[in-house]
Amino acid sequence: MSSSLVWFRRDLRVHDHPALWQAMSEGTAFALFVLDSHLLGAPTTGPRRVRFLLESLRQLRERLGQLGVPLLVREGPPEHWVPEVARTLGVVAVHVTADFTPYSRRRDGRVARNLESAGVRFVRHHGALLAPWAWPKVAEAARLPSFTSFYRAVRSATVGHPLGPPPPQRTPGVPADPVPSPASFGADIRLPAGIEPGEMAARARLDRFASERLARYVEARNSLDVDATSGLSQDLHFGLLSPREVAVRCPSAPFVRQLWWREYAHFVLWHRPDLTTRPYRLEFERLPWRQDRASFERWRKGETGFPMVDAAMRELAATGRMPNRLRMLTASFLTKDLLVDWRWGMAHFLHELVDGDVANNTFGWQWAASLGVDAASPFRAFSPARHLERFDPHRDYVRRWLPELCDGSDAYPSPIVDHQEAARRARELWRAAAVGENAC
Ligand SMILES: Cc1cc2nc3c(=O)[nH]c(=O)nc-3n(C[C@H](O)[C@H](O)[C@H](O)COP(=O)(O)OP(=O)(O)OC[C@H]3O[C@@H](n4cnc5c(N)ncnc54)[C@H](O)[C@@H]3O)c2cc1C
């Protein structure tokens, strides 16, 4: 009987895992995870995400062990380790869940070539997105479709039913490897309550959301409480849950629409991998970004003198989380009020967020800075004061994160800019860039 290898990446689960099913149905299956030095050593990979990954991996090792599948763990470049492990085990195929980011596509291309030259099949399965096979052909045109056109074209795609875990196999005589500790990667940092790593915890979050909070999702979407929405973004990022299972278990149109926004962000980056460094609307390449380290530091530390912005940035620093509404506000503030390069903010978010995800984060930043496809209006800078009035009328949120606002001291800084004036300047700069004038 033949054997094959499942190379796990951002699919750290045993439920609804077509690649694992296929490998186990073909004969004896082995599992591999490569601690990719390129990703783990990247400046945008923060310790919270590393910890979340390693602890989720430890749980995956146990879950796979219950299915009789030993998990091997290697550290270094996948293009070396995947063919090497395949050769040592004598497998005929390597199965993966297809990934769509620019780096993973390049990496998989290299691994596939190395495997194929050794006569081993490299087989990609779906499982990271809802229905990438339904992504409309129209994307091949020079301009990508708006979200609405994309959504219209894909929403009726047959997503199918989630699979349970495959039945166990007889354990092959290869022992599983230990998973390194977070401390050995400098990631000995506490994770916030409510986002425990691992597939079991993610499934419990999904159960709770589906039964207790889904019905109130529309009101919760703008809430400043990160626990009011599903809180599943890190689970989707690391593949502790499949988007298909989340969609089937939470069949409410406004919620599933958000999963399609996630799909759209991946679709956009798939077609335009350069968007991690360049605006989608190239006319905005001429915006005169300020390389202003001092303003960036005040934004990063939550010391701009705008309570709504500062509270959000302090929450991010303390927990690695931030509600969507405040991600939009803080990104708009950095780019439109402070005119600091959007790429600085994007890299900072990616480093700090537990759910940091190159597709969603790039999309979110290009959206908030009005640079992207289907983005916020270039003539709008979100108002921190209006956000405070509308979304935190009793100041519960800002008091939680800015104790100096209530302790009677004068420690809280005065505003870094005049928002009205900054918004007016931003409108003028974006307008000038859009029509090709030099506004410097
Ligand atoms: C500047 C900026 C940066 C962002 N960076 C990230 C990031 O690094 N990682 C990330 O997962 N999301 C990012 N988002 C999108 C969004 O803020 C988060 O997905 C959401 O806050 C996560 O909370 P939740 O799981 O409770 O979301 P819910 O509201 O419960 O939504 C369910 C799921 O839908 C997806 N989703 C929701 N909103 C969006 C959106 N606007 N774009 C794409 N997918 C969405 C997420 O996978 C989310 O888990 C960013 C948004 C902005 C404006």
Side-chain angles (χ1 to χ4, degrees), residues 10 44-46 48-49 52 101 128-130 147 150-151 192 194-195 202 205-206 208-210 212-214 216-247 249-250 252-269 276 299 309 312-313 315-316 319-336 342-376 382 387:
R10 292 202 297 145
T44 47
T45 303
R48 285 196 192 89
R49 247 190 355 274
F52 193 90
T101 62
L129 292 163
L130 284 171
F147 172 73
F150 171 81
Y151 182 53
I195 51 165
R205 275 190 286 278
L206 175 61
R208 266 198 313 278
F209 176 66
E212 295 166 17
R213 298 200 307 273
L214 179 61
R216 294 194 305 276
Y217 179 73
V218 175
E219 305 107 77
R221 177 95 183 110
N222 278 323
S223 162
L224 303 190
D225 176 2
V226 280
D227 294 320
T229 49
S230 73
L232 298 177
S233 45
Q234 66 288 329
D235 307 329
L236 288 161
H237 171 74
F238 285 105
L240 303 178
L241 298 170
S242 74
R244 167 163 75 177
E245 181 162 16
V246 174
R249 294 280 315 281
C250 304
S252 133
F255 177 74
V256 174
R257 192 181 161 91
Q258 294 311 125
L259 298 176
W260 284 113
W261 271 106
R262 172 178 182 266
E263 188 101 353
Y264 183 59
H266 284 77
F267 160 84
V268 168
L269 193 59
T276 53
W299 174 82
V309 172
M313 294 307 294
E315 179 177 24
L316 177 66
T319 67
R321 304 179 82 190
M322 191 194 283
N324 181 62
R325 167 61 48 194
L326 297 181
R327 295 187 198 202
M328 297 194 283
L329 174 68
T330 51
S332 169
F333 190 83
L334 183 74
T335 52
K336 302 246 171 111
W342 61 284
R343 285 158 286 225
W344 292 16
M346 184 172 72
H348 178 65
F349 265 34
L350 204 50
H351 182 268
E352 293 295 306
L353 286 167
V354 184
D355 69 14
D357 178 284
V358 71
N360 284 358
N361 193 47
T362 303
F363 188 86
W365 275 88
Q366 292 227 9
W367 184 90
S370 308
L371 310 173
V373 52
D374 211 350
F382 287 110
H387 270 67

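As the structure lists them, so they are numbered: ligands from 1, and atoms in each ligand from 1.
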Main-chain N/O of S332 paired to T335 side chain as donor or acceptor, under 3.5 Å: yes
Aromatic ring pairing Y264/W261, orientation class (parallel under 30°, perpendicular over 60°, tilted between): perpendicular
Residues R208, D227: salt bridge by 4.0 Å N-O rule: no
Interatomic distance, L316 atom CG to E352 atom CD [nearest 0.5 angstrom]: 5.0 Å
Neighbour list for ligand 1 [protein residues, heavy atom under 4.0 Å]: Y217, R221, T229, S230, G231, L232, S233, L236, F255, Q258, L259, W261, R262, N324, R327, M328, A331, F349, L353, D355, G356, D357, N360, N361, G364, W365
Any donor-acceptor pair under 3.5 Å from W299 side chain to M313 backbone: no
By side-chain hydrogen bond (donor to acceptor under 3.5 Å, both in side chains) - contacts of S233 (at least two apart): D355
